[in-house]
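In this chain, residues are counted from 1 in sequence order.
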Amino acid sequence: MYEIKKQIYTDLTKNQKSALCNYIRALVKKSQEMNCEEILNKFLEDEKYYLEIGASRFEFLKDSIYDNNFLADTELYIKECKKYYEYKKKQEPIIKANKEFEKKKRKFLQEVKMGKEPPTKKQLYYYEKLCKKYNIEKRVLSSKLEARDEIDRIITEHEKDFLI
């Protein structure tokens, strides 16, 4: 898509080209159920209407909207945008799986890190309070991970008693 963008609309300035391409890309994304010709016709109808009432976003298209080169460039860009969004849609499951894998990896690495660090004062204080409250014998906790797991175990174990 980016290679095509370099080749089209050669008579427009950089800002004009960018604004027009962004608008067309957004139009394609919004109208994915339509085919390329329908999207082109919708774009042309909208622009002609806005040019007629004098409220166009793209005043610079006044003369070139009927030009064959402009129409060919626009159609080419719409086709490329459609390909891009179809490809992106096909990649969605892979991207989702990668995100899930990265999430699991971060969680694992966080637990490894927690396993190496000593428990915090808050954890130790909370653990002592729970032990006192439920008359449990205290153990020596060596890591944040162990403290977290022990606190979770105590809470889930005694949560059942609390609910009954």
Checklist entry - Going from NZ on K105 to CG on N98, what distance comes out if it is rounded to the nearest 0.5 angstrom? => result 10.0 Å
Checklist entry - Can you check salt bridge (Lys or Arg N to Asp or Glu O under 4.0 Å) on K42 and E45, steps first, answer last? => result CA-CA 5 Å; K42 180 176 172 37; E45 286 172 17; over 6 Å; no
Checklist entry - Can any side-chain N or O of S31 pair as donor or acceptor with the backbone N or O of L27 at less than 3.5 Å? => result yes
Checklist entry - Can a donor-acceptor pair be found between the side chains of S56 and E47 at a distance below 3.5 Å? => result yes
Next on the checklist: Salt bridge check, R153 against E150: does any charged N sit closer than 4.0 Å to a carboxylate O?
Outcome noted: yes
Checklist entry - Would you call R148-E111 a salt bridge at under 4.0 Å N-O? => result yes
Next on the checklist: Under a 3.5 Å distance rule, please check whether K82 uses its side chain to pair with a backbone N or O of M34 as donor and acceptor.
Outcome noted: yes
Checklist outcome for this item: Closest non-hydrogen contact found for R139 with Y127 is N-OH, 3.1 Å
Checklist entry - Do Y85 and R25 have side-chain heavy atoms sitting under 4.5 Å apart? => result yes
Item to check | L145-L130 co-clustered via ILVMFWY side chain contacts under 4.5 Å | outcome: no
Item to check | Closest contact, heavy atoms only, L141 versus P119 | outcome: O-CG, 3.5 Å
Checklist entry - Taking the side chain as C-beta and beyond, is there a heavy-atom pair between D11 and F70 under 4.5 Å? => result no
Checklist entry - Is a side-chain N or O of Y9 found less than 3.5 angstrom from the main chain of K14, in a donor-acceptor match? => result no
Checklist entry - Should the heavy atoms of other residues, nucleotides or ligands under 6.0 Å from CG of N22 be counted, would the total exceed 12? => result yes
Checklist entry - Are I155 and Y125 joined in one hydrophobic group, where the rule is that I, L, V, M, F, W and Y side chains link up if heavy atoms are under 4.5 Å apart? => result no
Item to check | Min side-chain heavy-atom separation Q123-T120 under 4.5 Å | outcome: yes
Item to check | Any Q16 side-chain heavy atom under 4.5 Å of L20 side chain | outcome: no
Checklist entry - Going by an N to O cut-off under 4.0 Å, is there a salt bridge joining E86 and K89? => result no
Checklist entry - Would you call K5 and E80 a salt bridge, taking side-chain N to carboxylate O under 4.0 Å as the test? => result no
Checklist outcome for this item: The reported gap from NZ in K113 to OG in S143 (rounded to nearest 0.5 angstrom) is 13.5 Å
Checklist entry - Between R57 and Y23, is any side-chain donor less than 3.5 angstrom from a side-chain acceptor? => result yes
Item to check | I65 reachable from L71 in the ILVMFWY side-chain graph, under 4.5 Å edges | outcome: yes
